[in-house]
Amino acid sequence: MTPMHFSFSSAFILGLMGLAFHRTHLLSALLCLEGMMLSLFIALALWTLQFESTSFATAPMLLLAFSACEASTGLALLVATARTHGTDRLQNLNLLQC
């Protein structure tokens with residue numbers, strides 16, 4: 001495994017571990033998801049550059065567009081949660097009491 005592959009896979013794993021083990025606030029969960037998406041974007045962009053694939057060159061931009069949509073939806077949910085519940089702590093949220 002090259003150092004470049006190691007750095008991207010470790011960035012993805014760190015984001016996944018942060019999402020799995022540090023779930024106190026909604027904002028920290030959204031930041032972990034954004035870090036995972038950015039590491040996937042960089043890895044996919046470098047993969048297409050490495051193989052010089054022109055037919056697959058639009059995939060990183062599509063992933064970046066989906067990442068932006070995910071971030072805006074997450075921030076909208078964060079604002080709505082903060083307005084209704086007064087906090088963004090995930091322990092105070094209960095889906096059965098909506």
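Source: prediction; values computed, not measured.
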message = Applying side-chain hydrogen bond (donor to acceptor under 3.5 Å, both in side chains), can you list everything that pairs with His22, at least two apart in sequence or on another chain?
response = none
Would you give the length of the straight line joining atom [atom1] of [X] to atom [atom2] of [Y], rounded to the nearest 0.5 angstrom?
| X | Y | atom1 | atom2 | value |
| --- | --- | --- | --- | --- |
| Thr58 | Leu64 | OG1 | CG | 12.5 Å |
| Met36 | Glu70 | CE | CD | 9.5 Å |
| Thr81 | Asp88 | OG1 | CG | 8.0 Å |
| Cys32 | Met37 | SG | CE | 14.0 Å |
| Leu44 | Ser39 | CG | OG | 11.0 Å |
| Glu34 | Leu19 | CD | CG | 12.5 Å |

message = Membership question, hydrophobic clusters at under 4.5 Å side-chain separation (ILVMFWY): are Leu26 and Leu75 in the same one?
response = yes
query = Would one find more than 12 heavy atoms of other residues, nucleotides or ligands at under 6.0 Å from atom CD of Glu52?
reply = no
Side chains of [X] and [Y], heavy atoms from C-beta outward: is any pair under 4.5 Å?
| X | Y | answer |
| --- | --- | --- |
| Leu40 | Phe8 | no |
| Trp47 | Phe56 | yes |
| Leu46 | Ile42 | yes |

query = side chain to side chain contact (heavy atoms under 4.5 Å, CB included) with Ala45: which residues, sequence neighbours excluded?
reply = Pro60
key: Donor-acceptor pair between Ser28 and His25 side chains, under 3.5 angstrom   = no
ask   = Any sub-3.5 Å donor-acceptor pair from Ser7's side-chain atoms to Met4's backbone N or O?
value = yes
inquiry  = Taking Leu63's backbone N and O only, do any of them form a donor-acceptor pair with Ser67's side chain (distance below 3.5 Å, no angle check)?
reply    = no
